[in-house]
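Every number for a ligand or one of its atoms is a count from 1 in the order of the listing.
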Amino acid sequence: MTMKLTTDPSAATLLPIAKKEGISTVWDRHRAMQPQCGFGQLGVCCRICWKGPCRIDPFGDGPQRGICGADADTIVARNVIRMIAAGAAGHSEHGRHVALALQGVAEGRLPAYQIRDEAKLRAVAAKLDICTEGQDIAAIAAAVAKATLEDFQNQDHDAPCNWIEATLTKKRLERLQALHVLPHNIDAVITQIMGRTLVGCDADPVNLILGGIKGALADFDGMCLATELSDALFGTPSPVITAANLGVIKPDAVNIAVHGHNPLLSEVVCEVAGQMDEEARKAGAKDGINIVGICCTGNEVMVRHGIPLAANYLSQELALVTGAVDAMVVDVQCIMPSVSEIGACFHTAVITTMAENKIPGATHVDFKEETALENARRIVATAIEAYKRRDPRRVNIPDFKQTAIVGFGVESVVGALATLNAEDPLQPLIENIANGNIRGIALFAGCNSTQVAQDSSFVTMAKKLAANNVLMLATGCGAGSFAKHGLMTQEATLEYAGDSLKAVLTAIGTSAGLNGPLPLVLHMGSCVDNSRAVQVAVAVADKLGVDLDQLPLVASAPEAMSEKAVAIGTWSVALGIPTHLGTMPQVTGSAKVTELLTQTAKDLLGGYFLVELDPALAADKLLEVIEERRKGLGI
Ligand code: NFS
Ligand code: SF4
């Protein structure tokens with residue numbers, strides 16, 4: 001293969017070792033899959049019923065309709081909104097879990113958990129219009145959990161979900177209401193998408209896509225509540241210095257990789273690991289227990305506790321190839337099923353923990369919030385046992401790790417700005433956007449994909465936007481890319497930021513006590529924490545008295561692959577944000593759907609998808625969009 005596979009130096013070091021060991025990785029399987037199916041790439045393959053599969057001939061010679069009569073527009077629209085429904089299901093199920101845990105804590109049923117950030121819980125209650133006067137913290141938690149769970153239960157179609165209503169600008173809510181795309185019940189909206197895309201149901205591509213947008217907004221609702229309630233339970237992120245890349249794995253420690261998405265498990269594993277450190281030392285690990293993160297669970301514990309991040313999506317298998325991971329504990333989402341087989345090539349215990357997410361060949365520990373401490377102890381004990389079987393001759397830990405300053409939630413961003421203007425913290429940010437020191441804001445989100453050399457598009461785009469004085473936020477595997485490549489450091493700001501951006505980041509960082517600038521890219525957390533970026537944007541828009549689609553704000557998922565990214569990208573568009581995709585979305589088999597998402601959306605919502613596979617050109621296009629928005633605001 002001529003394409004470069006990865007730009008991550010630690011991954012590049014381990015790939016030849018994997019080859020020597022006869023281990024096939026995601027890149028080997030990608031190559032074996034070539035050429036990939038062109039019908040699937042265009043989105044024109046339908047497998048919705050057993051008269052099919054049907055596929056539309058994109059060249060116009062063969063069938064233009066499926067056996068039931070569905071044309072390319074219908075098929076593409078159905079396929080893409082089913083992806084949105086799946087993404088929304090993943091995020092909101094995660095959110096529901098957290099909400100139920102909050103309810104359990106309120107009722108005193110879950111000894112492993114407590115409200116670690118009472119101030120945050122009170123702030124959330126206020127936001128949801130819950131009266132807290134004279135209430136103790138358990139009562140507030142119960143009321144917040146109840147209001148949150150209503151977003152999964154409300155049957156009144158005209159009453160939008162509580163969280164979305166509490167989160168967006170008034171103008172945005174009105175605009176979405178007028179299009180009938182505000183969700184009233186997350187579960188119901190996801191169910192509707194599945195129902196309307198059955199054989200013989202909704203065939204109108206516009207109507208289907210509007211249904212998809214509603215599903216994407218349900219996804220947004222689920223993310224908001226997941227983020228905010230996790231903060232209340234586990235603490236709100238604040239800036240912390242840590243490290244990223246496979247070099248964070250320690251040769252003389254019991255290394256436990258936490259992987260997946262939901263912090264309910266990883267938080268307790270981290271806590272119990274602290275208590276069991278001595279046992280690890282007794283087993284011969286002179287550095288005790290070392291927890292490292294992978295994917296979004298990694299981001300969750302990184303921004304809250306400074307746990308180092310070992311890998312983002314594409315290098316999860318390579319963490320195992322180091323031969324030094326004693327246990328990989330996984331919960332839900334983005335876990336390659338190959339990890340159990342690779343773990344078995346070494347001494348590594350791959351442990352699944354969720355009843356609905358098992359992997360053949362892995363050990364399963366049935367994790368329940370009620371028995372979390374006991375489950376976590378068993379997991380850590382399994383890791384210590386596995387450590388005793390580790391073969392030191394097969395250990396290859398790449399000598400690559402980068403410092404990363406992470407943990408920029410809304411509160412810490414506002415806190416840092418408040419050191420410049422305590423009365424009106426947003427003022428310094430707005431002033432610098434208005435005077436052009438900061439041209440605009442870009443949110444980088446989303447995955448890695450084998451369609452792109454790992455991390456390369458993220459890094460190329462960020463460097464270019466930085467040089468053009470764009471303030472950058474990041475979440476998910478995008479944040480992982482930047483952390484691994486040293487772009488979450490003060491040095492990166494000094495090296496890559498344009499002069500005016502550098503001056504602003506230095507002024508804020510210095511006055512916030514960081515002894516230098518803020519890092520070049522601000523790590524806001526996991527994928528569900530994209531809601532944090534929206535909160536910042538809403539605060540700025542409210543202060544300016546404008547809507548989100550007027551701000552010089554763009555989003556980008558340069559290496560997107562997951563159905564969750566489809567959902568996120570779609571709500572980003574629905575909120576009025578121009579949203580770049582750097583991988584080809586599987587919709588281009590329908591000119592109508594493509595036009596809807598890339599052009600018509602602009603009139604309806606203000607946001608739209610912008611597809612550009614070349615990262616340097618993509619950065620240029622986003623800069624143009626930012627300038628266009630500035631012009632609109634007259635700045
Ligand atoms: Ni987001 Fe996170 Fe990564 Fe993509 Fe997967 S871990 S939820 S889906 S691959 S960013
Ligand atoms: Fe074919 Fe229609 Fe069945 Fe899809 S729903 S597989 S297009 S017959």
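- Counting heavy atoms under 4.0 Å from ligand 1, residue Met561 touches it through the side chain alone.
- Listed by number with element, the atoms of ligand 2 under 4.0 Å from a non-hydrogen atom of Gly66 are 7 (S).
- Each of the atoms 6 (S) of ligand 2 lies under 4.0 Å from some heavy atom of Gly52.
- Among protein heavy atoms, atom 5 (Fe) of ligand 1 sits closest to Cys334 SG, 2.2 Å.
- Counting protein heavy atoms only, atom 3 (Fe) of ligand 1 is closest to Cys477 SG, 2.3 Å.
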Apply side chain to side chain contact (heavy atoms under 4.5 Å, CB included) to residues Gln192 and Lys214 and explain how you reach the verdict.
CA-CA 10 Å; Gln192 273 167 8; Lys214 195 186 230 186; 4.2 Å; yes

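- Using a 4.5 Å cut-off on side-chain heavy atoms (C-beta onward), Pro308 and Met302 make no contact.
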When you look at Thr7 and Asp455, which way does the side chain to side chain donor-acceptor pair (under 3.5 Å) test go after all the steps?
CA-CA 6 Å; Thr7 58; Asp455 304 335; 4.7 Å; no

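- For a distance bound of 2.8 Å, the N, O or S atoms of Cys49 include one lying that close to atom 3 (Fe) of ligand 2.
- Scanning the protein heavy atoms around atom 2 (Fe) of ligand 2, the nearest turns out to be Cys68 SG, 2.3 Å.
- For the 3.5 Å distance criterion, the side chains of Asn357 and Asp331 fail to qualify, holding no donor opposite an acceptor.
- Across all their heavy atoms, Ser412 and Gly407 have their closest contact at OG-O, 3.1 Å.
- If you check the side chains of Gln454 and Asn312, you find a donor sitting under 3.5 Å from an acceptor.
- Among protein heavy atoms, atom 4 (Fe) of ligand 1 sits closest to Cys447 SG, 2.6 Å.
- The number of heavy-atom neighbours closer than 6.0 Å to CZ of Arg96, taken from other residues, nucleotides and ligands shown, is above 12.
- The protein heavy-atom contact nearest to atom 1 (Ni) of ligand 1 is Cys527 SG, 2.2 Å.
- Residue contacts with ligand 2 for Arg55 are absent, since no atom lies close enough (heavy atoms, distance under 4.0 Å).
- Residue nearest to atom 5 (S) of ligand 2, selected from Arg47, Arg65, Arg78, Lys51: Arg78 (by heavy-atom distance).
- For atom 6 (S) of ligand 1, the closest heavy atom belonging to the protein is His261 NE2, 3.3 Å.
- Residue-ligand proximity, Cys54 to ligand 2, at heavy-atom distances under 4.0 Å covers atoms 1 (Fe), 6 (S), 7 (S), 8 (S).
- Ligand 1 lies out of reach of Ala565, whose nearest heavy atom is not under 4.0 Å from it.
- Between Met488 and the options Leu520, Val406, Thr403, a side-chain contact (heavy atoms from CB on, under 4.5 Å) holds for only Val406.
- Residue Cys46 approaches ligand 2 through these ligand atoms, each under 4.0 Å from one of its heavy atoms: 4 (Fe), 5 (S), 6 (S), 7 (S).
- A heavy-atom distance below 4.5 Å is not found between the side chains of Val98 and Leu225.
- For Cys295, every N, O or S atom stays at 2.8 Å or more from atom 4 (Fe) of ligand 1.
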